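These notes concern the structure reproduced below.
Numbering of ligands and ligand atoms starts at 1, following listing order. What you are looking at is a predicted structure, and each value in this text was computed from that prediction instead of being measured. Quick note: residue numbers are just sequence positions, from 1.
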Amino acid sequence: MVKLVTTFKYALLSLLYLCAHNMLHVMAQSTKGGSTRFYDFKVQLLEVNKLCNTRNIVTINQKYPGPVVYAQEDDRVIVKLTNESPYNATIHWHGVRQILSCWSDGPSYITQCPIQPGQSFKYDFTLAGQKGTLFWHAHFSWLRATVYGALIVYPKTGVPYPFKQPYEEHIVILGEYWQQDLVQLERTVMASGTAAPIADAYTINGHPGPKYNCSANDVYKIDVLPGKTYMLRLIGALLNMESFFSIANHKLTIVEADGEYTKPFTTDQVMLGPGQTLNVLVTADQPIGRYSMAMGPYMSAQHVAFQNITSIAYFQYLGATQNSVVLPASLLPRFNDNLAVKTVMDGLKSLETGNVPKEIDTNLFFTIGMNVNKCGSRTPKQNCLGVNGGVMAASMNNNSFIRPDTPILQAYYDHTNGHFTEDFPETPLKFYDFVNGAPNSPPNNTGSTHGTRTKVLEYGSRVQLILQDTGTVTTENHPIHLHGYSFYVVGYGSGNYNPQTASFNLVDPPYMNTIGVPVGGWAAIRFIADNPGVWIMHCHLELHFDWGLSVAFIVKNGQGPTETLPHPPPDMPRC
Ligand code: C2O
């Protein structure tokens, strides 16, 4: 008897030992540095047939949407970009924090010269501590209308998702399509002084879907099995619009936003601004059929034209017959349903309680909004088709940002003068009722200043930034994206920001890289400026970015090599 017990004890111990050993093994595997993934990206034209027309679009490797970059947390990614198109090009790795690799960030004239036709450049960065759904897109002119793709970062080997493993995963990229040369379109729009023409179509993974002309078969489809749960990696790759997304009769459970886990939040629809990503779980728990996945406009501004035709894809159950009813996407909210947007925003909380900075070293307050400049005030040749015969602009703290001819990062690194200034104001020069009291027509002064003004941040400073929408011309939800960082969205609200009444969440705020600042409202974000380099922050509506709704942060080096931006790579393109 004694012997038996001992044997049993021994068996139990060895079992425990084996378990521990296995765990150690898994841990050892997961803490060692990642591997290196190589990708070859060629900027190439592709002839496509869409919306009854054939034309050439700019792509990567003749894929539209572009190739998926797969990696695991902590991996190093090297992408050699060769430009075989007639246009300049760069790629931005949207949401990648680019620790000590600002040279690989990609925005043209901010961190690099565009890669000219025939030239190439190696992007080289590490996905340190990052996992989830991110994406990449062109960052020159308006090329990103077709030059985009997913960047999927899996957790380390052996580390599960913090939710039940979905049966399958699918990438769903929301985009806009123009039947025009996008570089030419940008030039025309910028010369006109007014807004851009509306997109010819919305697209889901490049497909407009059956509501558009000649597109009955240009449809994206996901085949599903009844009872299974699917994870959709939703990516907002639109150019000048924000959009709603929903699936008829199905609930979406958000589990990740901008590549960071969230507490599960179930909703009928989501809104994605350009630059935003969401992972949602969908269970195929409805009667067998073919259900519409729908994408439609969210337009919070007044008097702005937009494409109003819904893009449809199919969520199709096994066994659904060809002519089984395609259920209408009645679930899409109205184009101006601000409440639907707020409801989802209210539901976004970090899964873990984060390391939200509690003390603040640098308090910033930036207004964001529209301007109308006097005709001829800057470029007399410009056509003045903006509001009241003016030239449309957009600004932060009433400064319309101008991209210089020499990349700011290079000028900063080389200490060459004359390409930028360091006088971006920490607060607006004038405080007024930003939302309601804004002068919105002449003779009031609706103009902005212009300049390549940067804001310098000390290494390691804990920053709080209030983003305040203004009502000049119109209030609007602006998707503000910061390069090189994610930030905690600690608060947001409608109206003018009031520190006395604003309530902050310092416990589990979402950790994002793009924040849709509520229309006629404000958002408060916090981050620690611990990644040296030059980081652009801008409205991800491309037109607003072009109009100047942007600022560049210069984050200084700290102490020693782990806090210092390395030398530029040898193949850095020249302008
Ligand atoms: Cu996704 Cu500067 O952008």
Heteroatom test (N, O or S) for H538 near atom 2 (Cu) of ligand 1, limit 2.8 Å | yes
With a cut-off of 2.8 Å, does H483 place any N/O/S atom under that distance from atom 1 (Cu) of ligand 1?
-> no
Aromatic ring proximity F335/Y298, centre distance under 6.0 Å | no
Measure centre to centre between the rings of H544 and H538, then say whether the value is under 6.0 Å.
-> no
Looking from atom 1 (Cu) of ligand 1, what is the angle between ND1 on H94 and NE2 on H137, to the nearest 10°?
-> 120°
Please find out if atom 2 (Cu) of ligand 1 and some N, O or S atom of H92 are separated by less than 2.8 Å.
-> no
Are Q98 and Y485 linked by a side-chain donor-acceptor pair shorter than 3.5 Å?
-> no
Counting backbone and side-chain atoms alike, does H139 have an N/O/S atom under 2.8 Å from atom 2 (Cu) of ligand 1?
-> yes
Test applied, side-chain hydrogen bond (donor to acceptor under 3.5 Å, both in side chains); reference residue, W142; option that passes from D181, D546, N240 = D546
When the aromatic ring centroids of Y123 and W93 are compared, is their separation below 6.0 Å?
-> yes
